[in-house]
Amino acid sequence: MKKYLDAIKLICGCLVLVGQVALAGVIGGRDQPGPVNLGQTTANTLTVNADGIGHILLLPYYSAQGGNATILSLTNTDYLNGKAVKVRFRGATNGDSVLDLTVFLAPNDVWNGLVSQDPSTGSAQLTSADSSCTLPSLSSGNALRFSGSRLRPGLSSSEAVSHTLEGYVELMTMANIPALGTVAATAGSLFKSISRQATGGVRACNSATLLATQVETTSEAAAAAQGFATPTTGIQGTWTIVNVPRTLTFSGDAFAIEARDSSGLPARANFVFFAQSTDAASNVDSLTADPMLRLTPLAAKTAAGVATAYVPQSGSLPIVKAVWSDFPDISTPYLEGASMPTFQAAQLSKIMAVKSVINEYATEPGIGAASDWVLSMPARRYSVGADFRQSQPVLVYSLVTAAGNAEYFSSANSSVANGLICTLAEDQTFFDREAAGRHQPAGSTNPQAVTPLSLCGAVPVLKFANESALAASVSVVQAGAASVNGWATLNTKNSALISAITTTTGIPLIGASFIKASNPVSAPGVSGNYGIVSPHSFSR
């Protein structure tokens, strides 16, 4: 067993975390939160919370494309603890980071942000009229422009700008900021800084205490002295896509993930607060499973995880040089005990893995109907990336292993097309509203499956008919021929032969169906456009 664990550490460049972690920004807490302790880390598993509250939130899609703007709402439902939350926007092409920031929420606080298209540059931008403290600052109407610097090389400036306009969002609670205790009660403390003051109701977002958090800390005592504690559950989020020119609105809830203990109860995770800094990061392989950031990515990987170290023909490793603000990502070790980034990525993949996606569609011309299925894959970034510096793109991997020693993403189901990493789904089946199936033979009630489908991009938008309900353009995948209206199923079993046994891991994804329609007889001056969001149903 020891040899096996040693081998994993050698291949993955992983660090087993036991007790207090001697890594900048990752600390396993002890005892109760206080002046020198962060609070005992007791979480040992990640699970989906269908009630919408968690430690980690995922927003499956944002858009500033085609007249869209996206409103994000992040709520701290914890009435005793403030929260320090990393908010990271990732592009729809391959999940590259296009913007990240730290949001400090007081107890019961709400932060709102608006993603829209910057009229001067054409890129996405984030603005907020909210008074919650953020780093970088969004106060006084400041706009944070999304950056295409992490997107694949070779894009034209207009393409890079366009590729920031769609994607998904990761939100991760890095630390609590407790309201109780000696440190919290001190004038000028971190808790006091992020909260409305008794006099004037103004937050001290430029306080020395808050700005001091931008220096990495490696000790529990130092983090506790700053006013932090290990993170507990409590954040909840919603998103709304508004298109003013089309008078169209879509909205939904964030996908919530909770860190829980052996009893299945919400628990304290590791402290994973990192400075919002562009200084070069160290110990990166111990902080992320992202093969683009790791010093030890793997070359072509079989479905059973057989791979070798990647040696690029051109350029050095890592493919992308990490800075401190790249962390935490959702693979950064969050759980007690032996918690490696690849282990956490496997847990995330497992709880999101599905073997079929089921939902409705409508394309009826008489009501101007159009349908998109968003198939967001936020876990894929931690299994597979691509080195676009080479003459031909080369896929690179991390070992993120499912049950049966199978990999969720491997050379068996991954490829590159038109600069997008693609994942193979087995097939699609369509039914109309009268139960007739796609290519249904005469006299038969059984539908026939159509050809396999490549889901290209980190957020494939499966478009039915000719029009995109979301005005999507970055990673659009055309659905197979279907009836005008009905329902469909997408087979995502992700079957592979492992040791002479067929294993089906499923594909980790989240999302919903977006249907737009119009009332053709609405009165002049009255909007007759409608947006319908239906979360996907799954088999697992």
Colleague: CD1/Ile351 to CG/Asn49 distance, rounded to the nearest 0.5 angstrom?
Modeller: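 Going from the CD1 atom of Ile351 to the CG atom of Asn49 covers 10.5 Å.
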Colleague: Among Asn76, Asp78, Thr173, Thr77, whose side-chain hydrogen bond (donor to acceptor under 3.5 Å, both in side chains) with Lys83 holds?
Modeller: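 Only match with Lys83 under side-chain hydrogen bond (donor to acceptor under 3.5 Å, both in side chains): Asp78.
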Colleague: Can you check whether Arg203 reaches Ile194 side chain to side chain, under 4.5 Å on heavy atoms?
Modeller: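 A side-chain contact under 4.5 Å is absent here.
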Colleague: Are any side-chain N or O atoms of Ser189 and backbone N or O atoms of Ala185, one a donor and one an acceptor, separated by less than 3.5 Å?
Modeller: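 Answer holds: no.
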Colleague: Looking at Gly28, is its backbone amide N or carbonyl O close enough to the side chain of Glu336 to form a donor-acceptor pair, meaning the two atoms are under 3.5 Å apart?
Modeller: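 Judged by distance alone, no pair lies under 3.5 Å.
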Colleague: Check whether any side-chain heavy atom of Pro33 lies under 4.5 Å from a side-chain heavy atom of Asn176, and answer yes or no.
Modeller: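 Sidechains of Asn176 and Pro33: no contact.
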Colleague: Between Thr249 and Val242, is there a donor-acceptor pair closer than 3.5 Å when you use the side chain of the first and the backbone of the second?
Modeller: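 No, Thr249 side chain to Val242 backbone: no donor-acceptor pair under 3.5 Å.
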Colleague: Is it true that the side chains of Asp130 and Ser128 contain a donor and an acceptor less than 3.5 Å apart?
Modeller: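 No donor-acceptor contact under 3.5 Å links the two side chains.
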Colleague: Under 4.0 Å between a side-chain nitrogen and a carboxylate oxygen: does that hold for Asp100 and Arg150?
Modeller: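 Salt bridge: no.
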Colleague: If you compare all heavy atoms of Leu59 against all heavy atoms of Tyr168, which two are closest, and at what distance to 0.1 Å?
Modeller: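 Closest pair (atom of Leu59, atom of Tyr168, distance): O-CB, 3.3 Å.
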Colleague: What distance separates Leu287 CG from Met340 CE, expressed to the nearest 0.5 Å?
Modeller: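 Answer rounded to 0.5 Å: 14.0 Å.
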Colleague: Name the orientation class of the two ring planes belonging to Tyr62 and Phe89 (parallel below 30°, tilted from 30 to 60°, perpendicular beyond 60°).
Modeller: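 Because their plane-to-plane angle is over 60°, the rings of Tyr62 and Phe89 count as perpendicular.
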Colleague: Just checking, is any N or O donor in the side chain of Thr423 or Arg380 under 3.5 Å from an acceptor N or O on the other one?
Modeller: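 Yes, a side-chain donor-acceptor pair sits under 3.5 Å.
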Colleague: Between the side chains of Thr121 and Asp118, is a donor N or O closer than 3.5 angstrom to an acceptor N or O?
Modeller: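 Their side chains do contain a donor-acceptor pair, which is all the 3.5 Å distance test asks for.
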Colleague: Is there side-chain contact between Tyr61 and Ser376, with at least one heavy-atom pair below 4.5 Å?
Modeller: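 Side chain of Tyr61 against side chain of Ser376, heavy atoms only: no contact under 4.5 Å found.
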Colleague: State whether the side chain of Gln125 and the backbone N or O of Ala143 hold a donor-acceptor pair below 3.5 Å, judged by distance alone.
Modeller: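 Side chain of Gln125 to backbone of Ala143: no pair is present.
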Colleague: To the nearest 0.5 Å, what is the distance between CG on Leu105 and CD1 on Ile235?
Modeller: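 Leu105 CG to Ile235 CD1: 8.0 Å, rounded to 0.5 Å.
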Colleague: Report the relative orientation of the aromatic rings in Phe250 and Phe514; use parallel for angles under 30°, tilted for 30 to 60°, perpendicular for over 60°.
Modeller: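 Rings of Phe250 and Phe514: perpendicular, as their planes differ by over 60°.
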Colleague: Working to the nearest 0.5 Å, report the span between CD of Glu407 and OG of Ser398.
Modeller: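 Interatomic distance, Glu407 CD to Ser398 OG, rounded to 0.5 Å: 9.0 Å.
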Colleague: Sub-3.5 Å donor-acceptor pair from the side chain of Asp329 to the main-chain atoms of Thr288, do we have one?
Modeller: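 Looks like no, no N/O pair under 3.5 Å.
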Colleague: Among Arg381, Arg152, Arg90, exactly one meets salt bridge (charged side-chain N to carboxylate O under 4.0 Å, His left out) together with Asp96. Which residue is that?
Modeller: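 Among the candidates, only Arg381 passes.
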Colleague: Evaluate the ring planes of His55 and Tyr334, with Trp represented by its six-membered ring, and classify them as parallel (under 30°), tilted (30 to 60°) or perpendicular (over 60°).
Modeller: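 Taking Tyr334 first and then His55, their aromatic rings stand perpendicular (interplane angle over 60°).
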Colleague: Phe343 vs Leu335, test: side chain to side chain contact (heavy atoms under 4.5 Å, CB included). Steps then yes/no.
Modeller: CA-CA 10 Å; Phe343 169 78; Leu335 308 175; 4.3 Å; yes
Colleague: Please tell me if the side chains of Pro136 and Gln276 come closer than 4.5 Å, counting only heavy atoms from C-beta onward.
Modeller: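 Side-chain contact under 4.5 Å: yes.
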Colleague: Atom CZ in Phe191, atom CD1 in Ile177: separation rounded to 0.5 Å?
Modeller: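 Rounded to the nearest 0.5 Å, the CZ-CD1 separation comes to 9.0 Å.
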Colleague: Can you tell me if Ser331 and Asp290 form a side-chain donor-acceptor pair at under 3.5 Å?
Modeller: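 The criterion, which ignores hydrogens and geometry beyond distance, is not satisfied for Asp290 and Ser331.
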Colleague: State whether the side chain of Gln347 and the backbone N or O of Leu46 hold a donor-acceptor pair below 3.5 Å, judged by distance alone.
Modeller: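 Yes, Gln347 side chain to Leu46 backbone: donor-acceptor pair under 3.5 Å.
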Colleague: Is it the case that the side chain of Glu170 and the backbone of Arg88 share a donor-acceptor pair, with hydrogens and angles ignored and the cut-off at 3.5 Å?
Modeller: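 Pair absent, no side-chain N/O of Glu170 close to backbone of Arg88.
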Colleague: Check for a donor-acceptor pair, side chain of Thr342 on one end and backbone N or O of Ala289 on the other, with a separation under 3.5 Å.
Modeller: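 Looks like no, no N/O pair under 3.5 Å.
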Colleague: Are Ser73 and Val110 close enough that some pair of their side-chain heavy atoms sits under 4.5 Å apart?
Modeller: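 Side chain of Ser73 against side chain of Val110, heavy atoms only: contact under 4.5 Å found.
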Colleague: Do Asp261 and Arg268 sit within salt-bridge range, that is, some charged N less than 4.0 Å from a carboxylate O?
Modeller: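 So Asp261 does not pair with Arg268 through a salt bridge.
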Colleague: To the nearest 0.5 angstrom, please state how far the CG atom of Leu126 sits from the CG atom of Asn142.
Modeller: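 That separation rounds to 11.0 Å.
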Colleague: Please evaluate residues Ser349 and Val400 with respect to the criterion side chain to side chain contact (heavy atoms under 4.5 Å, CB included), reporting the C-alpha separation (whole Å), side-chain torsions for both, the decisive distance (0.1 Å), and the verdict.
Modeller: CA-CA 8 Å; Ser349 297; Val400 178; 3.8 Å; yes
Colleague: Quick one, Met292 and Asn94 - any side-chain contact, counting heavy atoms below 4.5 Å?
Modeller: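 No, every pair of side-chain atoms sits at 4.5 Å or beyond.
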Colleague: Please examine the side chains of Val384 and Tyr408, heavy atoms only from C-beta on, and report whether any two atoms are closer than 4.5 Å.
Modeller: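 Contact flag for Tyr408/Val384 side chains = no.
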Colleague: Check the pair Gln117, Ser123 against side chain to side chain donor-acceptor pair (under 3.5 Å), reporting the backbone distance first and the verdict last.
Modeller: CA-CA 6 Å; Gln117 187 171 25; Ser123 69; over 6 Å; no
Colleague: Backbone N or O of Gln65 within a donor-acceptor pair of the Glu166 side chain at under 3.5 Å?
Modeller: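 Pair absent, no side-chain N/O of Glu166 close to backbone of Gln65.
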Colleague: Is there a side-chain contact between Val103 and Leu101 (heavy atoms, below 4.5 Å)?
Modeller: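 The answer is yes, as the side chains (C-beta and beyond) meet within the 4.5 Å cut-off.
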Colleague: Quick check: does any side chain N or O of Thr230 sit under 3.5 Å from a backbone N or O of Thr41, one acting as donor and the other as acceptor?
Modeller: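 Not confirmed, Thr230 side chain does not pair with Thr41 backbone.
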Colleague: Of all heavy-atom pairs between Leu57 and Gly237, which one has the smallest distance, and what is that distance?
Modeller: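 It is CD1-N, 3.5 Å.
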